[in-house]
Amino acid sequence: MREASILLLRACLALLAMPIYLMSFLGIWQPFCEKVFFPYFLEKFSVVHERKTKKQKQELFRNLPDFKSPSGELKLLEIGTGCGANFQFFPPGCKVTCSDVNPNFQQALSRSMNKNQHIHYEGFLVAAGEDLHQVPSGSVDAVICTLVLCSAHNVNGILKEALRVLRPGGAFYFLEHVAADRSSWQYFWQQVLYPTWKLVFCGCCLTREIWKNLEAANFSDLNLKHFRVELPWMPIQPHIIGYAVK
């Protein structure tokens with residue numbers, strides 16, 4: 001009965017979103033989404049999400065200086081930099097290499113860089129997190145990845161690349177929205193919204209249990225917490241946050 005209800009509600013939602021499905025069928029929606037809609041949406045959403053998670057992010061990134069290399073430098077690689085919402089939380093003097101598979105965030109990214117002159121920007125790589133071949137193995141002290149794994153083509157591939165580019169003793173920092181408890185109504189609505197949400201928001205998946213990928217990855221130590229972000233009427237309230245050490 002539950003599965004039938006999900007399918008029926010998915011069909012109703014698809015009817016409401018028919019113009020987008022039609023644009024997708026014609027090959028129009030994806031380039032428009034990547035170049036115009038999603039960069040605009042993400043910049044606006046980041047303001048709200050940042051306000052709701054500011055304390056958690058401050059706590060998360062507080063120990064970044066502990067992962068400085070023996071030389072005293074702190075080199076960060078951010079996967080899926082987007083609009084640069086995390087820059088304000090990075091410690092002064094650290095060196096940051098930005099990467100994103102979508103190069104269309106440049107205007108918002110430039111604004112964020114101008115606001116955060118306390119860090120050094122090493123460069124910007126247009127690259128998927130699953131393939132960071134431009135970054136030498138063992139060359140960074142910390143990898144930052146927030147609100148990225150939900151839309152990754154291969155979550156395990158990103159974690160594997162993060163482990164490769166990290167030096168021994170380096171850390172992978174994460175903050176991601178995840179699937180709700182499977183017995184909850186929120187999970188029910190995540191399943192209903194899943195196909196249309198994924199289409200509209202550039203591949204964002206609502207029902208990923210990303211903590212399982214992190215637990216299965218080859219990190220020596222995993223610090224992970226579940227928490228909720230109060231985003232009324234949105235299906236992305238359950239989150240995980242933490243860091244893992246190579």
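All values below were derived from every heavy atom in this structure, side-chain atoms included, with hydrogens, water molecules and symmetry-related copies excluded. In this text the structure is predicted, and so the values were computed from the model without any measurement.
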Phe61 ring center near Tyr173 ring center (under 6.0 Å) = yes
Any chance the rings of Tyr21 and Trp29 have centres within less than 6.0 Å?
-> no
I'd like to know if the side chain of [X] pairs up with that of [Y] as donor and acceptor (distance under 3.5 Å, no hydrogens or angles considered).
{"X": "Gln190", "Y": "Gln186", "result": "no"}
{"X": "Asn102", "Y": "Asn104", "result": "yes"}
{"X": "His49", "Y": "His177", "result": "no"}
{"X": "Glu50", "Y": "Gln88", "result": "yes"}

Heavy-atom pair of closest approach, residues Thr196 and Ala17 |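 Shortest heavy-atom contact: CG2-CB, 3.9 Å.
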Shortest non-hydrogen pair, Pro91 vs Ile119, comes out as O-CG2, 3.4 Å
Linking I/L/V/M/F/W/Y whenever their side-chain heavy atoms sit closer than 4.5 Å, directly or via other members, would [X] and [Y] fall into one cluster?
{"X": "Trp197", "Y": "Val178", "answer": "no"}
{"X": "Val140", "Y": "Phe89", "answer": "no"}
{"X": "Leu60", "Y": "Leu224", "answer": "no"}

Mind checking whether [X] and [Y] have side chains closer than 4.5 Å, heavy atoms only?
{"X": "Leu64", "Y": "Asp66", "value": "no"}
{"X": "Asn116", "Y": "Ser112", "value": "yes"}
{"X": "Tyr243", "Y": "Leu175", "value": "no"}
{"X": "Asp100", "Y": "Val126", "value": "no"}
{"X": "Cys83", "Y": "Leu42", "value": "yes"}
{"X": "Arg167", "Y": "Ser139", "value": "no"}

Pair [X] + [Y], salt bridge at N-O below 4.0 Å:
{"X": "Lys68", "Y": "Glu73", "result": "no"}
{"X": "Glu215", "Y": "Lys212", "result": "no"}
{"X": "Arg111", "Y": "Glu43", "result": "yes"}
{"X": "Glu209", "Y": "Arg182", "result": "yes"}

Heavy atoms from other residues, nucleotides or ligands near [atom1] of [X] exceed 12 (cutoff 6.0 Å):
{"X": "Gln58", "atom1": "CD", "result": "yes"}
{"X": "Asn218", "atom1": "CG", "result": "no"}
{"X": "Lys246", "atom1": "NZ", "result": "yes"}
{"X": "His226", "atom1": "NE2", "result": "yes"}
{"X": "Gln30", "atom1": "CD", "result": "no"}
{"X": "Phe227", "atom1": "CZ", "result": "yes"}

Could you go through the ring pair (Phe, Tyr, Trp, His ring centres under 6.0 Å) check for Phe38 and Phe201 one step at a time?
-> CA-CA 7 Å; Phe38 195 63; Phe201 296 108; 7.1 Å; no
Value rounded to 0.5 Å, distance of CG in Asn213 from NZ in Lys160 =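 One finds 14.5 Å between CG of Asn213 and NZ of Lys160.
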Could you grab the distance from atom OG of Ser99 to atom CG of Leu77, nearest 0.5 Å is fine?
-> 5.0 Å
Residues which pass side chain to side chain contact (heavy atoms under 4.5 Å, CB included) with Leu9, listed by chain and number, not counting sequence neighbours | Phe188, Trp189, Val192
